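Just below is one structure, and these are the notes that go with it.
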2 protein chains.
Amino acid sequence: MSAAIKLGDEELTQRQQDVLDIALSLLVEVGDKLTMTGVARRARCSKESLYKWFGDRDGLLTAIVQWQAAKVRPVPLGPQRMSIEALQANLERFAYDWLKVISGDISVALNRLAITHAGPLSNLGHTVLTNGRFAVGKRLKPLLKAGRGAGLLRFDDEEEAFRTFFGLVLRDVQIRLLLGDEFELSDQDVIRDAKRATEQFLKLYGA
Amino acid sequence: MSAAIKLGDEELTQRQQDVLDIALSLLVEVGDKLTMTGVARRARCSKESLYKWFGDRDGLLTAIVQWQAAKVRPVPLGPQRMSIEALQANLERFAYDWLKVISGDISVALNRLAITHAGPLSNLGHTVLTNGRFAVGKRLKPLLKAGRGAGLLRFDDEEEAFRTFFGLVLRDVQIRLLLGDEFELSDQDVIRDAKRATEQFLKLYGA
DNA sequence: AAGGAACCGTACCGTACGGTTCGGTAAATG
DNA sequence: CATTTACCGAACCGTACGGTACGGTTCCTT
């Protein structure tokens, strides 16, 4: 019995996890032209195994998305004593990590995939939203509330505050990348953007 | 000879324009499952005509995007005397129109289409970016510069200022809609969002 | 009225790909 | 050793769809 990792209701053997990683890398390369035969060839497994493990093509795509989502473990921001410096540093770190993820090849590929198959039928979009936009909100809100509790921030609706932070951090970056605009975003740029977004957010919501 | 409208290097007869409108409405319904046979049936034309007019499927999709883009004529903001009230009103109107377009079915469908076919091969993404994100920037920047010229705004880089406005207005709306999150956005919401984004922008960049 | 251009409707072709089946193999199980 | 399990590789099937061909119709021009 191999080491099994739970994913949703299922368990994944090591072999299956490896196949999903390979499928993900192939997805980044070829986008929505990902084919079952292609995955089987790249992963050196049979199509029969793919169908046995994941049901059908949609099941494989869902598994890829969920598998990637499961790998993104939230870095717990320790409930340190909240000073303005700590708040600012945490916000900057948050913005930096987030921008890095969003501008990465994997994020672009998965979001494209989910958008392509968006609709009432597929739940890929829902999965991506849950593990992206909403997961980030869930992680950021405690920080915002702590800041408010310490008298450093002022806002009525934490959801509104979070969405503003969202806009200030990502701006047009995600949509441009999704549409294929190949624009450079160096590590220095990301650092600068994270600082700027944090400053602007504090100017808007600072007490 | 029918009335011909220039689109790129080509001219479009009335019949072809009608077909493109029908194809666009069908695209909104079925998304990327748009098929040549389906367009021909809905438009009551032959596939042969579609291929004669648009070359191939990609040509049809490109024509749809360009045709819609050609319909969006920029509403010239008259160069009135720039007061803080006029600036604020113009920004609000800008944000309102923009948010309305982005949250509309047509915009969602076209952006999904372009994202699906994004890559070095297709220029759909480029077309959408040019007629969306960049066209808006081109229209907004004169207003921003006028505001700065009148001593109402303060910024070094107009591109940066515009991108911040972008983020404050759209926030997470576009990506959520693209991913299939069906969330209500009433006209009252749009009005409120436009006001809020404008206030925040003025707080950040007001002199 | 005659001729032709444009077009409709439909049948048809080729191919790509999702999904299935099957023979063969290696490792666990007893 | 015999059996089961899991898997690989490859051949195969069905279908959807992009693209083409062609006969028939409408309409415009001369």
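Computed from a predicted structure; not experimentally measured.
- The pair A:Arg15-A:Asp18 fails the salt-bridge criterion, with no side-chain N (NZ, NE, NH1 or NH2) lying under 4.0 Å from an Asp/Glu carboxylate O.
- Among D:dC8, C:dC7, C:dG18, the nucleotide with an atom closest to any side-chain atom of A:Lys47 is C:dG18.
- In this structure, of D:dC7, C:dC8, D:dG18, it is D:dG18 that holds the atom nearest to the side chain of B:Met36.
- Residue A:Ser46 has its side chain nearest to D:dG9 when only D:dG9, D:dT20, C:dG19 are considered.
- Considering only side-chain atoms of B:Arg57, the nucleotide from D:dG18, D:dC7, C:dG19 that sits closest is D:dG18.
- Of the side-chain N and O atoms in A:Thr37, none sit less than 4.0 angstrom from OP1 or OP2 of C:dA16.
- In this structure, CG in A:Asp172 is found 10.0 Å from CD in B:Gln174, a value given to the nearest 0.5 Å.
- Considering only side-chain N and O atoms, A:Trp53 lies nowhere under 4.0 angstrom from the phosphate OP1 or OP2 of D:dA6.
- The residue among A:Asp56 and B:Glu48 whose nearest nucleotide of DNA chain C is located toward the 5' end is B:Glu48.
- A cation-pi arrangement, defined by a distance under 6.0 Å to the six-membered ring centre and an angle within 45 degrees of its axis, is absent between A:Arg154 and A:Tyr205.
- Phosphate contact (OP1/OP2 of D:dC17, side-chain N/O of B:Arg41, threshold under 4.0 Å): absent.
- For the pair A:Ser49 and D:dA6, the criterion of a side-chain N or O lying under 4.0 Å from OP1 or OP2 is not met.
- Look at B:Thr35 and you won't find any side-chain N or O under 4.0 angstrom from OP1 or OP2 of D:dA16.
- With respect to B:Asp97 and B:Lys100, no salt bridge is recorded, no charged nitrogen being found less than 4.0 Å from a carboxylate O.
- A straight line from CG of A:Leu60 to P of C:dG18 spans 10 Å, rounded to a whole angstrom.
- Ranking D:dA6, C:dG18, C:dG9 by closeness to the B:Arg44 side chain, first place goes to C:dG9.
- For B:Tyr51, taking side-chain heavy atoms from C-beta onward, the closest of the listed nucleotides C:dC7, C:dG18, D:dG18 is D:dG18.
- In this structure, B:Glu158 does not pair ionically with B:Arg163, as no charged nitrogen and carboxylate oxygen lie closer than 4.0 Å.
- Nucleotide D:dG18 holds its P atom 15 Å from the CZ atom of B:Phe54, rounded to whole Å.
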